[in-house]
Amino acid sequence: DSDRVRTTISTGVQQILVNGASLPIPKPGHPLEFDGGVIETRIIPNSTFYGAEVHAVRVTLLDFDAVLDLGWVAGHIMPG
C-alpha cells in the first residue's frame with residue numbers, strides 16, 4: 001500500500017515596519033517603494049526532483065546595494 005505525498009506552498013506577512021512606521025503589505029507583483037528601497041511580496045519558486053523552495057518577501061535596499069530575501073522555506077524528499 002503506497003500513500004501519495006502532497007505538496008502545499010503558502011506564505012504570509014504580518015507587518016512591515018520601516019523606520020518605525022507601519023507600511024501596507026504590497027500585493028504580489030506590486031512593489032512598495034520607500035525612501036532608500038523597495039519591498040516586494042512575491043513567490044519565487046525553485047522546484048527540483050527532490051523538493052521545492054520558496055522566497056516570500058524581498059527587500060531591496062538601494063542605498064546599500066543589497067537584496068534581502070525573507071521568509072525562505074524549503075522542503076526536500078530524499079528517496080529511500
Side-chain angles (χ1 to χ4, degrees):
D1 185 25
S2 64
D3 294 328
R4 293 186 68 93
V5 175
R6 300 193 185 276
T7 302
T8 302
I9 299 173
S10 63
T11 61
V13 177
Q14 296 300 315
Q15 184 178 30
I16 296 174
L17 295 173
V18 175
N19 292 328
S22 181
L23 297 178
I25 298 170
K27 295 185 181 203
H30 299 279
L32 174 66
E33 295 184 13
F34 63 93
D35 188 30
V38 178
I39 297 173
E40 301 173 81
T41 55
R42 53 195 286 198
I43 297 175
I44 309 167
N46 180 22
S47 296
T48 68
F49 176 76
Y50 297 107
E53 62 184 23
V54 173
H55 298 274
V57 177
R58 174 170 280 178
V59 178
T60 304
L61 301 174
L62 302 173
D63 293 345
F64 298 99
D65 193 27
V67 176
L68 304 169
D69 286 324
L70 307 172
W72 176 81
V73 174
H76 299 279
I77 299 172
M78 301 303 285

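Quick note: residue numbers are just sequence positions, from 1.
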Check whether any side-chain heavy atom of V57 lies under 4.5 Å from a side-chain heavy atom of I16, and answer yes or no.
no

Treat each ILVMFWY residue as a node, draw an edge where side-chain heavy atoms are under 4.5 Å apart, and state whether L32 and F64 are in one component.
yes

With hydrophobic residues grouped by side-chain heavy-atom distances under 4.5 Å, do V18 and L62 end up in a single group?
no

According to the salt bridge (Lys or Arg N to Asp or Glu O under 4.0 Å) rule, which pairs have a member within residues 25-41, sequence neighbours left out?
E40-R42

Counterpart residues, side chain to side chain contact (heavy atoms under 4.5 Å, CB included), relative to V67 (two or more places apart):
R58, T60, D69

